[in-house]
Engineer: 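Before anything else, here's the structure in question.
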Amino acid sequence: MNKVVKNVEEALVGIEDGMTLMLGGFGLCGIPENSIAQLVKMGTKNLTCISNNAGVDDFGLGLLLQQKQIKKMISSYVGENAEFERQMLSGELEVDLIPQGSLAERCRAGGAGIPAFFTPAGYGTEVAEGKEVRIYNGKPHILESALTADFAIVKAWKGDTEGNLVFKATARNFNPMMAMAGKITIAEVEELVPAGELDPNYIHTPGIFVQRIFKGEKFEKRIEQRTVRQK
Amino acid sequence: MNKVVKNVEEALVGIEDGMTLMLGGFGLCGIPENSIAQLVKMGTKNLTCISNNAGVDDFGLGLLLQQKQIKKMISSYVGENAEFERQMLSGELEVDLIPQGSLAERCRAGGAGIPAFFTPAGYGTEVAEGKEVRIYNGKPHILESALTADFAIVKAWKGDTEGNLVFKATARNFNPMMAMAGKITIAEVEELVPAGELDPNYIHTPGIFVQRIFKGEKFEKRIEQRTVRQK
Amino acid sequence: MALDKIGIAKRIAQELRDGWYVNLGIGIPTLVANYIPEGIEVEFQSENGVLGMGAFPFEGEEDADLINAGKQTITVREGAAFFDSAMSFAMIRGQHVQLTVLGAMEVSQNGDIANWKIPGKMVKGMGGAMDLVASAENIIVAMMHSNKAGESKILKECTLPLTGVGCVKKVVTELAVMEIKDNKFHLIERAPGVTVEEIIALTEGDLVVPDFVPEMVL
Amino acid sequence: MALDKIGIAKRIAQELRDGWYVNLGIGIPTLVANYIPEGIEVEFQSENGVLGMGAFPFEGEEDADLINAGKQTITVREGAAFFDSAMSFAMIRGQHVQLTVLGAMEVSQNGDIANWKIPGKMVKGMGGAMDLVASAENIIVAMMHSNKAGESKILKECTLPLTGVGCVKKVVTELAVMEIKDNKFHLIERAPGVTVEEIIALTEGDLVVPDFVPEMVL
C-alpha cells in the first residue's frame with residue numbers, strides 16, 4: 001500500500017484554519033521541521049497544536065507562534081520559549097498544560113480507541129479541577145480522556161513506502177503515539193526506503209497508522225542544550 | 001544491572017501455592033516452555049494463571065492443567081484443549097474469559113499504573129455484567145480494571161544481561177505487556193547476550209521490567225497448525 | 001445451488017476495497033485472502049500481532065514463531081510489521097482496520113452476533129472477536145444460513161450468549177447476501193440457482209425481499 | 001558552611017541503593033549522576049525515552065537525536081534502551097523507577113510540592129513532574145532552603161500551585177536533610193558547619209529537631 005507523497009506541499013494538503021494538529025517531538029528533538037516550515041508558508045491560522053513543547057523562539061513551533069498561527073497549545077512544558085510565555089500571560093494564546101505522561105497516554109488512548117482512563121498524575125492540583133476522582137489501591141486517581149487530531153505530523157528516522165516507521169534514539173518520544181491518534185497521519189522521514197527493507201521485527205510505528213509519507217528535504221536538527229565533556 | 005540467574009530452578013524460586021502468574025504466548029507460540037516444565041516439576045498448586053490460551057492437552061499450560069495445578073484461568077480463548085473444557089464444564093476449574101484486546105490492555109495497564117480504562121469490547125455481553133457503562137462518542141463502553149501478577153513469566157528470542165528483551169515475529173504477542181505487569185518478571189530466552197549487544201533502538205522490553213533472566217535449556221517450539229503450500 | 005465455503009469467501013472478497021486493512025477471522029474468513037479482486041491492494045492484519053500477512057509457507061519453511069490468529073503457520077509480505085497484542089488491539093479498537101470478516105453461530109436482525117459459547121456444551125472463548133465486533137466500522141459475517149438440523153441461524157433474536165450488539169452490517173451465507181438495517185435483514189443477492197423462496201424458508205428473522213433479487217456473480 | 005549545588009548532589013547520591021532505577025530531574029538532580037557511591041550500580045531513566053544514560057558526549061560527538069529530559073546532549077551506556085513517551089511513563093506510573101529526585105520552589109510539611117508555576121509571572125509547565133511525584137514511592141527533593149529574599153521555601157503550606165500532594169519523603173537543601181512524616185519536617189542532618197539555629201530560622205514549617213543532629217559526611 002503505497003503511502004508516498006512527492007513533497008511536503010503535497011503531504012500537508014487539507015490542513016485548514018481552525019484544525020487540531022498533533023506534532024511529534026520533545027524539545028527540538030524529533031520534530032517534523034519540514035512540515036512546520038511548510039505550515040509557516042501556508043499561513044494556516046487558528047490552529048490547536050498538541051505538542052509536548054512549543055519549540056524555541058526561532059525554531060520548531062516557535063515559528064508558528066511568531067506568526068500568530070496558533071490559537072491554542074496543548075503541551076506539558078513550554079519553558080524554553082519567551083514568545084510563548086508572553087502570548088500566554090497576555091491571554092493571546094490559550095494554553096492547556098497537561099502532565100507529560102498524561103499527554104502521552106491520552107494520545108495513545110486516542111489512537112487505541114480507549115476513550116478515558118484513570119491516572120494518579122495531577123491529583124490535588126489545578127490539572128484535576130473538574131475531573132472525576134476515584135480511589136484505586138488506596139490512592140486517588142483522576143479520569144483523563146483521549147486526545148485525537150485532524151492531522152498528526154510526525155518525524156521518523158527511516159520510513160518505507162508502506163508507512164512503516166523507525167525512530168532514532170530519543171527522537172522517538174511522542175511521535176509513535178501521535179501517529180496513532182491522527183485522523184490523517186503524515187510522516188516526514190530522513191530516509192525513505194522500499195517496502196521490505198525495514199526488518200518487520202523492529203518497526204516502531206506500523207504503516208497502518210500512516211496515511212502519507214515523504215522524505216524531508218532538509219533536517220537542521222538543532223540542538224537546544226549542547227552539553228559536552230572534555231576528552 | 002545484572003539480572004542473570006543460573007537456570008530455570010533459580011529463576012522460579014519464590015513461586016508458591018495460590019499465587020497469580022502471568023504467562024506469555026499466543027497458542028503455543030512464544031510460551032515460556034522451560035518455565036512451564038519447571039512448574040510441573042515443582043508441583044505448585046492452586047495457581048491463578050493469566051494467559052491468552054491454555055495450551056493444548058499435552059503441551060504448554062495444558063501440562064499444568066493435567067496435574068490439576070491450576071485453580072483459575074484468566075484467558076481469552078481456550079478452544080484447543082479438551083482437558084481444559086472438561087475441567088471448566090465440570091466446575092473443577094474457575095475460568096474468567098476476557099476479550100483478547102481487553103486482556104492485553106489490562107496487562108499493559110497493570111504494568112503502566114493505569115488502574116482502569118474504558119473499552120467498547122464486550123458491551124452488551126456476559127463480559128459486561130456488573131461493570132460500569134458509559135457512553136463516549138455515542139457508543140457504550142465498559143470500565144475494565146488493570147491486571148497484575150505475583151510473577152510474570154515471559155519468553156523472548158534474545159535477551160541481554162540487563163534484562164532487555166527482543167521477541168521474534170508473532171512470538172511477541174502478550175509477552176511485553178505481561179513483562180510490565182509482574183511484581184517479579186522472569187524472562188527465559190533463546191539467546192542470552194552481553195549488555196551492549198542489542199541495539200538500544202530496537203529493544204522491545206526494556207530491562208527495567210525484568211528481574212530475572214536465563215537461557216532456556218531447550219525449546220521445542222511446537223507448531224499447532226502446520227499449514228503449508230506446495231512448491 | 002448453495003455456495004461452498006470457497007464460494008462464500010469469493011463473494012466476500014468482492015467487498016474488499018483498495019487500500020483497506022482487513023482482519024480475517026478463523027475458518028471461511030481466512031479463505032477470503034485467496035480471492036482478492038485484481039487491481040486492488042489490501043493488507044491483512046492478524047490480531048496476534050502481524051500486519052502484511054502473506055501466503056502459507058512452503059513445506060519445510062514453517063516457522064513456529066510466525067503464525068496467524070488461527071495458529072496456522074504463515075509468511076509475511078515485504079513491508080510487513082510485527083507488534084505486541086496491546087498494539088494489535090490498539091489498531092482494532094482505534095478503528096484503523098477498515099474491514100472485519102468473521103464467522104458466527106447466530107446473527108439477529110438488529111445486528112447482534114453470537115459466536116463464542118454454547119452454555120453447558122462448548123466454550124472456546126471469545127478470543128479477539130468481542131474487541132473486533134465492538135470496534136469495527138464495517139463487519140461482514142461469513143456463516144451458514146442454517147444448522148445441520150435445518151434450523152435458521154438468521155434470527156429475530158440470538159439465543160446464544162452474545163459476542164456483540166448491533167454491530168453486524170452484512171451477512172454472507174451459502175444462500176444469500178443480506179444487509180442489516182432498520183432492525184431487519186435485507187436480501188441483496190442470492191446464490192446462483194437458489195430461489196428467494198428457499199432463502200425465506202431458512203430465514204427466521206424479518207427479511208425484506210425486493211422485487212428483484214439478483215444472482216451473485218462469482 | 002552551606003552546601004553548594006555539588007554538595008547537595010553529593011548528599012543525595014548517598015541515598016542511592018544498588019540495583020535502583022532512578023529518574024533525575026533538571027538542575028541539581030542531574031548532577032547526582034556524577035557521584036554514585038562506589039560499589040553500587042544504578043540505572044538512570046530519562047522520561048523523554050531512555051534507560052541507561054551515560055556521561056555527556058565528548059565535544060564533536062553530540063547527537064541531536066540523543067538528549068535527556070533537560071534537552072542536554074547525552075550518551076548511553078551498554079545495555080541502554082530507547083522507548084517512546086507512553087512506555088517511559090508506563091515505567092514511572094507503574095512504579096518501576098525506584099527513586100525520583102527533583103527540584104522544587106516550595107515544599108510543605110505534609111509532603112506537598114510546588115515547582116511548575118508562579119501565577120501571573122512564570123509558567124514553564126509541569127513536564128513530567130506531576131506524573132513522577134504522583135507515582136514514585138520514593139521522592140527526594142533537591143532545593144534551596146530559602147529564596148533570595150531570605151524567605152523560607154520549607155513551609156507549613158505551599159503558596160504556589162501544587163505539583164503533587166503528600167508525596168515528598170525527603171528534602172535535601174544547602175543547609176539540611178529533612179524527612180517528612182506525621183505532617184512535620186524532621187531534621188536528620190545539617191550541612192558541615194551549619195548550626196541547628198540557622199536551619200530553624202530559615203524553616204517556616206514545623207520542624208522536629210532531635211537532641212543530636214549529626215553533620216553530613218560528604
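Just so we're on the same page: letters track the sequence lines, and every chain starts at 1. In this text the structure is predicted, and so the values were computed from the model without any measurement.
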Engineer: So, does A:S51 use its side chain to make a donor-acceptor pair with the main chain of A:A54 at under 3.5 Å?
Structural biologist: no
Engineer: To check you understand the geometry: which heavy-atom pair defines the closest contact between C:Y21 and C:V97, and what is its length?
Structural biologist: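 For C:Y21 versus C:V97, the nearest heavy atoms are O-CG1, 3.5 Å.
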Engineer: Check C:K170 with C:E15, please: is the shortest side-chain N to carboxylate O separation under 4.0 Å?
Structural biologist: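 Yes, charged N to carboxylate O under 4.0 Å.
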Engineer: Is it true that, when you exclude C:K5 itself, more than 12 heavy atoms of the residues, nucleotides or ligands shown sit nearer than 6.0 Å to its NZ?
Structural biologist: no
Engineer: Measure C:E43 against the heavy atoms of chain A and call it side chain, backbone, both or neither at under 4.5 Å.
Structural biologist: both
Engineer: Sequence neighbours left out, what pairs pass side-chain hydrogen bond (donor to acceptor under 3.5 Å, both in side chains) with at least one residue falling in residues 78-87 of chain C?
Structural biologist: none
Engineer: So which of A:P200, A:G113, A:P206 has the biggest tally of heavy-atom pairs under 4.5 Å with chain C?
Structural biologist: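 If we count pairs closer than 4.5 Å to chain C, A:P200 comes out on top.
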Engineer: Among A:L198, A:D160, A:I114, A:T148, which has the most heavy-atom pairs under 4.5 Å with chain C?
Structural biologist: A:I114
Engineer: Check each atom of C:V42 against the heavy atoms of chain A and say whether the ones under 4.5 Å are side chain, backbone, both or neither.
Structural biologist: backbone
Engineer: Below 4.5 Å from any heavy atom of chain C, which atoms of A:N201 appear? Answer side chain, backbone, both or neither.
Structural biologist: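 A:N201 touches chain C through backbone and side-chain heavy atoms alike.
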